[in-house]
Amino acid sequence: MPSAPMDVEAAVVEAKGDPFRIRTVPLEEPRPDEVLVRVVATGVCQTDAHSRNQDYPIPMPVILGHEGAGIIEQVGSAVKDLAPGDRVAMTFPSCGRCDACRAGFPANCTHGFELAFGASRQDGTNAYGDGVHGHFFGQSSFARYALATERNTVRLPDDMPLELAGPLGCGMQTGAGAVMNSLEVGAGESLVVLGTGAVGLAAVMAAKAVGATTIVAVDINPSRLALAEELGATHTVNASTEDTDARLRQIRPDGYHYILEITAQPRMLALAVDHLRPMGTAALIGGAPAGTTAPIDMNRLLNGGRRLRGIAQGDSVPQIFIPQLVDLYRAGKFPVDRLVRTYDFADINQAFADAASGKVIKPVLLMN
């Protein structure tokens with residue numbers, strides 16, 4: 001078992017927009033409510049890119065990464081449900097004490113943003129040395145070891161591949177949870193997914209699993225649209241070559257039950273509202289830079305009882321929902337493996353470049 005303080009190899013961003021640099025950083029031992037996880041694999045998410053570019057202001061230098069999976073090496077004295085040797089996925093942090101957490105909605109934790117992007121524990125302390133900030137999303141998993149808490153760590157069955165489990169902690173549970181938890185899309189209903197990256201394709205897979213009969217995928221990447229069709233989309237729209245507005249009206253003239261906006265483009269959120277049927281719901285998932293606004297037709301919302309809402313992390317309770325996604329994967333109904341390409345940890349900058357170009361949907365870094 002590693003002793004503390006220990007030196008940890010981590011990918012550090014020194015300043016806005018910099019490439020990742022692998023360096024050794026001191027890390028304290030777990031506090032009573034914390035666990036030390038030996039990271040085996042970790043997904044690369046768009047939120048990591050946004051944070052590196054300071055779209056979400058975060059203290060630097062910093063260790064990012066928030067889709068980690070691995071094996072518990074050490075647990076704090078107050079940890080009750082996890083033990084050394086457990087195979088786990090790490091997920092978003094929450095305080096456990098605010099009204100939202102106590103009501104069973106940890107994804108809407110009052111302190112969620114500061115816990116995710118504050119690069120410190122909630123009390124302001126930092127377990128990492130040499131001036132490097134950690135605790136990104138309560139884990140900073142772009143490292144060979146990560147500190148998390150019992151609240152944002154989920155035990156996995158032995159047969160779940162860790163390289164596939166990490167993305168369940170953020171991107172996959174966000175897209176699938178939006179469909180299954182937040183919107184409760186039902187059999188026979190219609191859904192439009194604007195953006196078919198990892199989150200959007202997770203939504204497509206979930207919509208197929210629950211029996212939605214009209215599933216429209218919209219993107220500008222032909223290969224992603226082709227994959228969306230293989231994974232369950234009944235229609236696809238290439239927004240770079242087709243008139244998206246006209247095509248959506250052609251597919252379903254009376255509008256859609258649900259529309260997920262994942263591109264974080266203001267005009268696409270406005271389009272989502274325009275294509276709702278009466279009592280339909282548009283949901284914003286995509287994270288835009290701070291201060292971004294969108295031109296919404298207010299009367300479109302008012303007439304017909306249409307709704308617009310935001311969704312964080314698929315409104316999931318990770319200890320419940322991530323095992324459900326694992327079960328769907330094992331049953332062949334949530335083939336997350338179709339989205340993943342693995343990279344050696346040392347190739348982290350290439351993984352980010354491939355994700356930015358659209359070449360890869362979900363890069364996953366392997367720590368071996």
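All values below come from the heavy atoms of this structure, side chains included, with hydrogens, waters and symmetry mates left out.
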Verdict with supporting geometry, Tyr256 and Leu248, side-chain contact (heavy atoms from CB on, under 4.5 Å): CA-CA 9 Å; Tyr256 299 83; Leu248 289 177; 3.9 Å; yes
Taking all atoms of both residues into account, what is the closest heavy-atom pair of [X] and [Y], and its distance?
X      : Y      : value
Arg341 : Asp354 : NH1-OD2, 4.0 Å
Thr196 : Ala217 : CG2-CB, 3.6 Å
Ile215 : Gly232 : CD1-O, 3.5 Å
Met367 : Ala143 : CE-O, 3.6 Å
Ser141 : Met90  : CB-CE, 4.3 Å
Leu191 : Val193 : CD2-CG2, 3.8 Å

Short side-chain to backbone donor-acceptor contact, [X] and [Y], under 3.5 Å:
X      : Y      : value
Asp130 : Val132 : no
Asp315 : Gly177 : no
Asp7   : Thr24  : no
Asp123 : Thr125 : yes
Gln54  : Ile58  : yes
Arg300 : Asp274 : yes
Thr263 : Leu194 : no
Glu150 : Lys80  : yes
Gln139 : Thr91  : yes
Tyr56  : Gly287 : yes

Any salt bridge between [X] and [Y], counting N to O under 4.0 Å?
X      : Y      : answer
Arg121 : Asp33  : no
Asp48  : Arg52  : no
Arg306 : Asp297 : no

For residues [X] and [Y], determine if any side-chain heavy atom of one lies less than 4.5 Å from a side-chain heavy atom of the other.
X      : Y      : answer
Arg97  : His111 : no
Arg151 : Cys101 : yes
Thr234 : Thr213 : no
Met6   : Pro26  : no
Lys362 : Val336 : no
Glu34  : Glu28  : no
Glu189 : Leu183 : no
Ile259 : Glu261 : no

side-chain hydrogen bond (donor to acceptor under 3.5 Å, both in side chains) assessment of Arg277 paired with Ser190: CA-CA 10 Å; Arg277 58 175 285 165; Ser190 55; 5.8 Å; no
Within the 6.0 Å centroid threshold, strictly below: Phe352 and Phe20: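 Yes, the ring centres sit under 6.0 Å apart.
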Atom CG of Asp159 with >12 non-hydrogen neighbours under 6.0 angstrom: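 Enclosed: over 12 neighbouring heavy atoms sit under 6.0 Å from CG of Asp159.
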Residues, nucleotides or ligands: over 12 heavy atoms within 6.0 Å of Ile22 CD1: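 Enclosed.
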Hey, could you give me the [atom1]/[atom2] distance between [X] and [Y], rounded to the nearest 0.5 Å?
X      : Y      : atom1 : atom2 : answer
Leu156 : Ile71  : CG    : CD1   : 10.5 Å
Thr236 : Arg224 : OG1   : CZ    : 14.5 Å
Asp337 : Leu164 : CG    : CG    : 6.0 Å
Glu230 : Leu201 : CD    : CG    : 10.5 Å
Leu115 : Phe92  : CG    : CZ    : 11.0 Å
Leu27  : Ile63  : CG    : CD1   : 8.0 Å

Derivation of the side-chain contact (heavy atoms from CB on, under 4.5 Å) call for Ser140 and Tyr128: CA-CA 10 Å; Ser140 285; Tyr128 298 81; 3.9 Å; yes
With the 4.5 Å side-chain cut-off for hydrophobic clustering, are [X] and [Y] part of the same group?
X      : Y      : answer
Ile285 : Val218 : no
Ile262 : Leu271 : no
Ile311 : Leu276 : no
Val360 : Leu64  : yes
Val62  : Leu365 : yes

Short side-chain donor-acceptor distance under 3.5 Å, [Y] and [X]:
X      : Y      : answer
His135 : Ser120 : no
Ser316 : Gln173 : yes
Ser182 : Arg309 : no

Ring geometry between Phe117 and Phe137 (parallel below 30°, tilted from 30 to 60°, perpendicular above 60°):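 If you compare the ring of Phe137 with that of Phe117, the planes turn out perpendicular.
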Derivation and outcome, side-chain contact (heavy atoms from CB on, under 4.5 Å), residues Phe142 and Val44: CA-CA 9 Å; Phe142 288 166; Val44 169; 4.2 Å; yes
Evaluation steps, salt bridge (Lys or Arg N to Asp or Glu O under 4.0 Å), between Asp245 and Arg249: CA-CA 6 Å; Asp245 180 77; Arg249 294 192 192 283; 3.4 Å; yes
Step-by-step side-chain contact (heavy atoms from CB on, under 4.5 Å) determination, Gln319 to Asp81: CA-CA 11 Å; Gln319 285 74 14; Asp81 296 329; over 6 Å; no
